[in-house]
Amino acid sequence: MVLCPVIRKLLHKRVVLASASPRRQEILRQAGLRFEVVPSRFKEMLPKALFPSPPAYAVETAKQKALEVARRMHQKDLRAPDVVIGADTIVAVGGLILEKPVDKQDAYSMLSRLSGKEHSVFTGVAIVHCCSRDGRLDTDVSEFYEETRVRFSELSEDLLWEYIDSGEPMDKAGGYGIQALGGMLVEQVHGDFLNVVGFPLNRFCKKLAELYYPSGREDPRPAQSHQGRGGRDEDGGERTQAAGPEEAVSSRTGHSPPPFPTGLLELVDSFKASKALFTACKLKVFDLLKDGAPLKAVDVAGKLGASACGTGRLLDACVALGFLQKTDRGYSNTETANLHLTSDGAYSLRGLVLHHSDHPWDLSARPESAGRDGVDPHDGALGERTGPPCQASCAHSEETRLGLLRAMHSLAKLTARHVATAFDLSRFGSACDLGGCTGALAYVLAREYPRLRVTVFDLPEVLQHVAGFQPDGPRTEQVSFLPGDFFEDSLPEADLYVVSRILRDWPDGKVHELLSRVARACKPGGGLLLVDVAAGPEAEAEAEGLRRRAGGERSAAVYAHLLRRLGFADVRAAGAGGRPLALLGTRGAP
Ligand SMILES: Cc1cn([C@H]2C[C@H](O)[C@@H](COP(=O)(O)OP(=O)(O)OP(=O)(O)O)O2)c(=O)[nH]c1=O
């Protein structure tokens, strides 16, 4: 069939790739498709013996992967994406299906089975069109597979083990990657190379053409029958005319609708998810479900004095978010909820959640900055000043301030050990935590470094509240509190200055001013530990733009650049839980 430009047909749709495979993502991205990645949680454990042929197994697995994601997304947001794409690649040799090896021995038996022979690589693909109607999810599945035949050379034992020891086989069907080192093993390829790598792009485009050019309005030739090549299609029950109404309009007018606003809709969705969390915390749902037996929605509703229907929806949303689990017996907390969302959990973040729920624009603004002349934490973060600082000041009632302290304390407590151990700080004898608030980080630093004396430097109106947050236990005498304003007063002498979670909503000028003061106070060889950099390597590039739009963290690269400009050398970054967390710079000679 003649290929038409089909990828653009998906540009204005919300497309999700239900796959964690980096190869699939790359192939589709390079083809110009715009999509989100939501890896499927479907376990690839269908009983192979039930399938008439290996590709039938691959197609069904691909379909189940895509459907799982469509259902999960629908349950979470009550709005499924327009299209979910799932794929599954298998290797078949002598009627046997080989998936990813479970260990080196398994990789060895797979590769020795393939040595000197021809095998088939099948990738099954499912394109699931979704539609949410009255809270129900309708799906329309189109599926196909592609076969590529691959011949391996005879492989020596040495080569086999050398290849296995490279680690490459482990996440690949049949235990090899034709696109990398595994290419060495291959003598001949018959068919689509990309199909072996995990996604049959050419056949995918043909399938899209069948779906999106129903009666040849744009394609000079009418769509072919769905039998495809060699009658291999497994398109049972698929729709023959997948173009939606907007397709029809666009093909009539020749006008292309704008690209799908994925980022914008993600923001809306994440707001809905946060809202469910805020509401459940406010209603103390997690306290209610803490220790006892699971409860049905109607019982939870009764205890909360809320409607059964609304409560059921809220509980289901919490299930989708991973905070509750649901069984026949009812709803109960997950581990995360017990630990972080109950009122009295050791690492409770409920205070933080409630604070953000009640003061969405305060985010991580600190109580003292609201009252300080000229320091409006939102200045710059929102692009312009949002009003005179006194407004923010008035908004900070005593109760609000305590709520904010509680929120900051719980967050600092949770992350303090990661921060304290992100670098070896044992060379420092004294530290000053600027804006260290309740001392949550200071106490953990003291515990980790018995030689370290830590001064928490913060405004008097903040320090007057900290008594209620002091921990019992050893070495509390290493920590002292000193009232002061780090913009007005001289900074206490210290070998190490700590600036943790206070800069994120500040305008660049204020950040520069504070860090310059630190740089001037810091002795050569002294350090600056800066905590709170943007998460995720991909976030680095976006962080600046995002921060400018909505306030938030700066990327590690931006901070590192600034620290170097201010005379800090050997600036190193450390992360925790896969996220960048902190930077440590050492003051060079002035
Ligand atoms: C044969 C072969 C497979 N592969 C890869 C493609 C697939 O990623 C993987 C087969 O496993 P799959 O289960 O198809 O995919 P996956 O587990 O990587 O991702 P997901 O289930 O989330 O979709 O093997 C290669 O990269 N090169 C090859 O030469």
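Below, each value reflects all heavy atoms present in this structure, side chains not excepted, and no hydrogens, waters or symmetry copies. For ligands, and for the atoms within them, numbers begin at 1 and follow the listed sequence. The structure presented is a predicted model; accordingly, all values stated were derived computationally and were not measured.
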Trainee: For K413, check side-chain hydrogen bond (donor to acceptor under 3.5 Å, both in side chains) against everything at least two apart and list the hits.
Mentor: none

Trainee: Check ring pair (Phe, Tyr, Trp, His ring centres under 6.0 Å) between F122 and all other residues, then give those that pass, not counting sequence neighbours.
Mentor: Y145

Trainee: With a 4.0 Å cut-off on N to O distance, would you call K43 and E68 a salt bridge?
Mentor: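 Answer for the salt bridge query: no.
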
Trainee: Which pairs of N or O atoms, one from ligand 1 and one from the protein, are separated by less than 3.5 Å, and what is the distance for each pair?
Mentor:
from     : atom 1 : to   : atom 2 : distance (Å)
ligand 1 : 8 (O)  : S21  : OG     : 2.9
ligand 1 : 8 (O)  : R23  : NH2    : 2.9
ligand 1 : 13 (O) : E44  : OE1    : 3.0
ligand 1 : 13 (O) : E44  : OE2    : 3.0
ligand 1 : 13 (O) : K65  : NZ     : 3.2
ligand 1 : 13 (O) : D88  : OD1    : 3.2
ligand 1 : 13 (O) : K100 : NZ     : 3.2
ligand 1 : 14 (O) : R24  : NH2    : 2.6
ligand 1 : 14 (O) : D88  : OD1    : 3.4
ligand 1 : 14 (O) : T89  : N      : 2.8
ligand 1 : 15 (O) : R24  : NH1    : 3.0
ligand 1 : 17 (O) : K100 : NZ     : 2.2
ligand 1 : 21 (O) : E44  : OE2    : 3.2
ligand 1 : 21 (O) : K65  : NZ     : 2.6
ligand 1 : 22 (O) : A20  : N      : 2.7
ligand 1 : 23 (O) : S19  : OG     : 2.6
ligand 1 : 23 (O) : R24  : NH1    : 2.7
ligand 1 : 23 (O) : K65  : NZ     : 3.4
ligand 1 : 24 (O) : A173 : N      : 3.0
ligand 1 : 26 (O) : R23  : NE     : 3.2
ligand 1 : 26 (O) : Q179 : NE2    : 2.8
ligand 1 : 27 (N) : Q179 : OE1    : 2.9
ligand 1 : 29 (O) : Y176 : O      : 3.3
ligand 1 : 29 (O) : I178 : N      : 2.7

Trainee: Using the side-chain hydrogen bond (donor to acceptor under 3.5 Å, both in side chains) definition, which of the options N195, T61, T123, T148 pairs with T89?
Mentor: T123

Trainee: Checking R151 now: which residues fulfil salt bridge (Lys or Arg N to Asp or Glu O under 4.0 Å) with it, not counting sequence neighbours?
Mentor: none

Trainee: So, E26 and R23, do they make that salt bridge, N to O below 4.0 Å?
Mentor: no

